[in-house]
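This report concerns only the one structure given below.
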Amino acid sequence: MIGIFDSGSGGLTVLRALRDRLTSPDVLYFGDIKNAPYGSKSHDELSQLTIDAISFLRQRGVRSIISACNSVSASLAVSLFDTLEIAPAHLIEMVGPTVALFKNSKERLLLTATPATVKSSLYRQGFKMIGKDVVEIPIPDLAGSIESGAKESVLEEKITAAFAGVRLQDFDVLILACTHYPLILSVFQRIFGSLIILDPAHVVSERAEREWWPREAGDGKTHFVISRDSECFRDFVKRLFPKTDYTIEVLQ
Ligand code: DGL
């Protein structure tokens with residue numbers, strides 16, 4: 001069984017991309033809505049939440065995990081693999097596959113993410129290793145507002161304020177390095193029409209297929225577990241998976 005986790009609804013964009021490729025694995029999705037948003041938390045807090053989420057998924061019988069949350073990527077340290085007895089080959093995160101996509105590319109990169117992701121400097125370091133520069137723009141509280149179903153005009157305002165002073169003509173690609181952001185892709189497309197907008201979910205799901213298929217073949221069951229009930233989460237699930245049979249469980 002494949003486990004996917006995020007602070008809430010963002011990882012649904014990764015699950016959707018995975019389902020576009022693979023219908024048969026059983027998937028357990030954990031959205032930690034009780035503790036959302038993650039993007040404004042400290043590294044210590046995120047490390048604990050990461051350990052809790054991975055432990056939970058493993059207790060439920062998950063073998064292979066996608067960490068569909070950029071904000072916790074810095075917490076996926078080598079020591080975690082030993083502590084939680086998880087083999088590195090059984091965990092895929094967002095940063096590595098995304099950076100690897102730009103090896104040998106000449107495109108000028110702009111990236112947007114939560115403040116926690118930008119602060120971790122993981123993307124910056126990754127791009128440096130392949131000899132590329134990236135300009136990173138954090139958007140405070142955008143993921144939280146998406147999670148709580150804020151109006152598009154409010155979301156648009158937050159994005160525009162964060163990018164004030166950025167010369168878009170200096171860039172070719174905008175990387176959406178927060179899994180919540182592709183949930184409002186049309187808003188980003190409206191503001192950044194001149195740029196190629198990259199949703200890393202596609203390359204991450206491609207990696208999962210390459211690494212785990214056909215090992216993770218199952219009955220195609222989809223089960224969502226959330227740490228607090230949320231109408232918005234239920235709406236996103238309905239919107240993204242209109243033809244899928246699924247179950248939703250709220251942790252008590
Ligand atoms: N969707 C997550 C990410 O990719 C977390 C966003 C949040 O909860 O602030 O960073």
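Every heavy atom of this structure was used, including side-chain atoms; hydrogens, water molecules and symmetry mates were not. Every number for a ligand or one of its atoms is a count from 1 in the order of the listing. Source: prediction; values computed, not measured.
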| message | Could you work out, with side chain to side chain donor-acceptor pair (under 3.5 Å) as the rule, every residue matching T50, not counting sequence neighbours? | response |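 Here no residue qualifies.
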
| said: What I want to find out is whether R124 reaches D133 closely enough, with some N-O distance under 4.0 Å, to be called a salt bridge. | reply: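 So R124 does not pair with D133 through a salt bridge.
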
| Charged N to carboxylate O below 4.0 Å: is that the case for E249 and R60? |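 Judged by the 4.0 Å cut-off on N to carboxylate O distance, E249 and R60 do form a salt bridge.
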
| Using a 4.0 angstrom limit on heavy atoms, which residues are close to ligand 1? | D6, S7, P37, Y38, G39, C69, N70, S71, T114, A143, C178, T179, H180

| said: Please tell me whether Y181 and F188 form a close aromatic pair, meaning their ring centres lie under 6.0 Å apart. | reply: yes

| Backbone of L12 reached by a side-chain donor or acceptor of Y29 within 3.5 Å |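 At least one qualifying donor-acceptor pair exists.
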
| query | Is it true that atom CG of D170 has more than 12 heavy atoms of other residues, nucleotides or ligands lying nearer than 6.0 Å? | reply | yes

